[in-house]
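One structure is given below, encoded as structure tokens.
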Amino acid sequence: MTTLFALLIAATAMVGNTVAALWEARGSRLAKYGRPVWLQPWFLAGLLADVVAWVLTVVALRYLPVFAVQSILAGAIALTTLADHGWNPWNLVRRDRWAVVAVLAGLVVVAASAAPDRPDALPPVATPVLLVSFVLILAAAPFVWRAGRPMLLALLAGLGFGGTALAVRAIHPGPLRWETAGGLLLDPLVYGVVAMGVLGVLAFARALQDGAVGPATAVLSVTEVVVPGLVGIALLGDRIRPGWEGAALAGVLVALAGVTALTRPDPESVRRRVH
């Protein structure tokens, strides 16, 4: 599979995540006035979109570094903002238009800076470090859940989805073949994928029940780019193209600056509330 095709798959997963977030948000809000969230058709449709996006993400992670794939997925915040304004960029205030451009431009640079190859074997400490980290995050989850703060829950969801990406990237570094499928069931990272993925879905759904979809998606996006991206480089052998280190850093900073801008209240709506 070519690098370009893997990038297209990651971009399609980003669109799927955007659709999932919007549908799950609608279902979560409807749950306040009727059936439980798990019986809301919009929420169930969002989960289906999440599953499709997750499968595409898994494919992309087999060929691209974690930071590249997760950075592309973070573009969901820009698409979510556009969706909230009827997919018309001219419905956005000027600040948000520039923020959307910054997010998308920064992510393009980050994706271009990724070296597509991967090591034939992981460092011996990689799997133990990942598994211990997963256990600690899962142990902290009940406390965050009881606190019920949307941004903390979105942060937890970002760690869950980020952990899933790291586990997928770390599983069997070589090409997957049918004869290796049975052996995957003996790999503890496979169960880490499931546990962290379920944590991400549940935590994000809870965050959307009481929080705004834009800020919650922004916190999720920043978390699942920065944390697993750094871990992938430090622990899994992910690499940046030679000479692209400065561009990659600038791309991440520009994209995150755009995400941060998109989480701030619309100045015009604030003025309307004041008056």
Side-chain angles (χ1 to χ4, degrees), residues 1-25 27 38 40-80 83 107 110-111 114 116 118 130 134 157-205 208 217 220-221 223-225 227-229 231-232 236 238:
M1 180 181 295
T2 65
T3 300
L4 178 59
F5 190 50
L7 289 171
L8 290 175
I9 288 177
T12 305
M14 173 190 68
V15 175
N17 283 339
T18 302
V19 172
L22 293 170
W23 287 355
E24 288 169 8
W38 299 110
Q40 292 292 339
W42 282 107
F43 186 82
L44 295 176
L47 286 181
L48 178 60
D50 258 332
V51 170
V52 174
W54 181 80
V55 171
L56 294 173
T57 301
V58 168
V59 175
L61 284 166
R62 302 304 300 174
Y63 299 93
L64 294 172
V66 173
F67 73 87
V69 175
Q70 296 303 100
S71 294
I72 294 172
L73 296 181
I77 180 59
L79 295 186
T80 301
L107 298 184
V110 171
R118 62 185 298 177
L130 288 178
F134 295 167
L159 293 175
F161 289 131
T164 299
L166 289 168
V168 168
R169 181 71 171 169
I171 291 172
H172 192 74
L176 291 176
R177 299 184 177 89
W178 285 112
E179 58 266 26
T180 65
L184 290 178
L185 297 178
L186 302 178
D187 191 334
L189 287 174
V190 171
Y191 303 98
V193 170
V194 176
M196 298 303 284
V198 170
L199 174 64
V201 170
L202 294 179
F204 193 52
L208 292 176
T217 305
L220 172 75
S221 300
T223 304
E224 66 178 353
V225 169
V227 176
V231 173
L236 303 185
D238 288 348

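Keep in mind that this is a model prediction, so the values were computed, not measured.
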Do [X] and [Y] have side chains that get closer than 4.5 Å, going by heavy atoms?
X: Y63; Y: I9; answer: no
X: V51; Y: L47; answer: no
X: V110; Y: F67; answer: yes

Would you compute the distance between atom [atom1] of [X] and atom [atom2] of [Y] and round it to the nearest 0.5 angstrom?
X: D50; Y: T57; atom1: CG; atom2: OG1; answer: 9.5 Å
X: L199; Y: F204; atom1: CG; atom2: CZ; answer: 13.0 Å
X: D238; Y: R169; atom1: CG; atom2: CZ; answer: 4.5 Å
X: E224; Y: L159; atom1: CD; atom2: CG; answer: 10.0 Å

Closest heavy-atom contact between [X] and [Y]?
X: G158; Y: T223; result: C-CG2, 3.7 Å
X: G229; Y: V66; result: N-CG1, 4.2 Å
X: G16; Y: A49; result: O-CB, 4.0 Å
X: G200; Y: A157; result: O-CB, 3.5 Å
X: Q70; Y: A165; result: OE1-CB, 3.5 Å

Any residue meeting side-chain contact (heavy atoms from CB on, under 4.5 Å) with [X], in chain and number order, not counting sequence neighbours:
X: L130; result: F134, L166, A170, L189, V231, L235, L236
X: T12; result: L56
X: V193; result: W54, T164, A167, V168, I171

* N17 and side-chain contact (heavy atoms from CB on, under 4.5 Å): which partner among L220, L73, L79? ->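 Looking at L220, L73, L79, the match for N17 under the side-chain contact (heavy atoms from CB on, under 4.5 Å) is L73.
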* Start with the C-alpha distance between L44 and L48, add both sets of side-chain angles, then the distance that settles side-chain contact (heavy atoms from CB on, under 4.5 Å), and finish with yes or no. => CA-CA 6 Å; L44 295 176; L48 178 60; over 6 Å; no
